[in-house]
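All figures in this text were calculated on a predicted structure; none of them were measured in a lab.
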2 protein chains.
Amino acid sequence: MMQPHKRVIDAGIRQTQRDETMVKRTSFEGDSCPVARSLEAIGDWWSLLIIREALLGLRRFGEFQSKLGMAKNILAARLRSLVDHGILETAPASDGSAYQEYVLTPKGRGTFPILVALRQWSEAFDDRPEEIATILVDREKGRPVKKLELRAEDGRLLTQAETTLKLRPAPRRRSAG
Amino acid sequence: MMQPHKRVIDAGIRQTQRDETMVKRTSFEGDSCPVARSLEAIGDWWSLLIIREALLGLRRFGEFQSKLGMAKNILAARLRSLVDHGILETAPASDGSAYQEYVLTPKGRGTFPILVALRQWSEAFDDRPEEIATILVDREKGRPVKKLELRAEDGRLLTQAETTLKLRPAPRRRSAG
DNA sequence: GCATATGGTTTTATGATGCAACCACACAAG
DNA sequence: CTTGTGTGGTTGCATCATAAAACCATATGC
């Protein structure tokens with residue numbers, strides 16, 4: 001059920017040496033692993049928490065700053081990075097103040113399953129689950145949501161062992177040949 | 001040169017002061033948000049990639065090291081942290097070599113949905129999806145898996161907007177003890 | 001114009017990360 | 001038993017990111 005020896009896929013993650021300062025932070029920008037690519041965008045300490053607050057409706061710099069209790073410079077850097085990655089975008093106004101707001105793009109809202117997965121992992125495995133303050137519920141019924149489930153094309157519930165990785169079929173030059 | 005005046009670190013910000021070196025990395029250990037609690041354990045650059053490789057069957061220090069291309073000291077630190085968090089555990093042997101292996105615990109295998117969510121987010125929103133090399137497929141049929149879906153207790157498919165957070169009902173002072 | 005709140009940037013300090021070098025141990029050869 | 005090599009890891013140092021505070025710029029109100 002599991003190939004213990006060499007796998008062909010993904011043989012050798014290399015860090016992208018940028019110019020000459022290759023002691024950077026091992027960027028995963030050019031990596032072929034989609035997990036690594038996600039982490040490149042939202043794999044740092046604060047990004048997912050900022051996104052989480054944004055999903056809950058926060059929009060203003062000061063809201064994030066006071067809610068998350070983080071330093072303003074860090075927040076500014078994270079917001080800029082999230083905007084650069086197309087996860088947030090700045091909207092010029094909303095409440096009259098000529099300041100700007102940070103709102104989630106579709107890509108940003110698309111992180112919701114990631115946050116749910118993180119939440120459910122805590123709920124399932126945390127050593128002190130009693131310290132978890134909130135529950136994600138179905139808004140309509142007020143009942144806890146089900147666990148995320150992975151299904152096959154035909155609807156069968158899949159565990160990790162029932163899945164495997166395949167190479168993408170066609171590197172596809174450019175149109176059909 | 002000009003020594004700046006005494007730094008008053010105890011400014012009253014929220015951060016979890018551990019012992020006395022409170023300029024650490026803003027640990028989320030005591031946070032009540034389950035997302036933050038997850039990130040505390042696996043929210044750094046390497047942990048999820050190590051877990052990913054472990055899910056694919058890697059067990060040995062050298063396997064991780066050559067596969068991920070990371071420095072050995074970083075790997076050692078991450079492995080230790082993952083063991084401390086109950087995500088990996090060390091098994092004394094397997095192939096005769098008197099060395100140890102790192103195998104996933106149930107808690108570690110429980111991260112699978114997180115990795116799937118990260119993967120699917122990349123697949124859906126990455127700017128250069130053609131660089132993604134692998135596809136997660138149903139092992140039996142060889143067909144791509146469906147997107148993770150969040151459902152209500154009664155099976156209704158839920159979007160983020162159809163969910164909300166509720167406070168945990170009972171803080172429960174250790175009942176019946 | 002001046003006080004204050006908001007929204008950042010700059011400065012400075014510390015911790016984390018990255019890499020190389022080194023060390024400890026196991027195993028094999030001589 | 002000694003040497004050699006591969007594995008598994010630690011130590012040192014350079015560099016980078018992060019953190020906190022101070023500072024600055026723009027808005028808004030009086």
Connected via hydrophobic side-chain network under 4.5 Å: A/L48 and B/I51: yes
Length of the line joining B/E101:CD and D/dG9:P, which is rounded to integer Å: 11 Å
Distance test, side-chain N/O of A/R80 to OP1/OP2 of C/dG8, below 4.0 Å: no
Residue B/R60, side-chain heavy atoms: nucleotide from C/dG18, D/dG8, D/dG9 that is nearest: D/dG8
NZ/NE/NH1/NH2 to OD/OE distance under 4.0 Å, A/E131 and B/R37: yes
Sugar-phosphate only, base, or nothing, as touched by A/F64 at under 4.0 Å among non-hydrogen atoms: nothing
For atom CD1 of A/I74 and atom C1' of D/dA17, their distance in whole Å: 8 Å
Candidates D/dT7, C/dT17, C/dT9 - which lies nearest the side chain of B/Y99: D/dT7
side-chain N/O A/Q100 vs C/dG8 OP1/OP2, d < 4.0 Å: yes
Nearest-nucleotide pick for A/F61, side chain only, options being C/dT17, D/dT18, C/dG8: C/dG8
Gap between atoms CG and C1', on A/L75 and C/dG8 respectively (whole Å): 9 Å
Atom-pair distance (CG on B/L79; C1' on D/dT10), nearest Å: 14 Å
Phosphate contact (C/dA16 OP1 or OP2) by B/R78 side-chain N/O below 4.0 Å: no
Which nucleotide in C/dT17, C/dG8, D/dG9 has an atom nearest any side-chain atom of A/A76: C/dG8
ILVMFWY network linking A/L55 to A/V103, side-chain heavy atoms under 4.5 angstrom: no
Ion pair check, B/R119 and B/E123, cut-off under 4.0 Å: yes
Interatomic distance, B/E63 CD vs D/dG6 P [rounded to whole Å]: 17 Å
SB check B/R143 B/D138 (cutoff 4.0 Å): no
Rounded distance (Å) that lies between atom C1' of C/dT17 and atom CD of B/Q65: 15 Å
Per A/K72 side chain, nearest of listed nucleotides C/dT17, D/dG9, C/dG8: C/dG8
A/L58 CG - C/dG7 P separation (whole Å): 12 Å
Proximal nucleotide (of D/dA19, C/dG18, C/dG8) relative to the A/W46 side chain: D/dA19
Euclidean distance, atom CG of residue A/D44 to atom P of C/dG15 [Å, nearest integer]: 20 Å
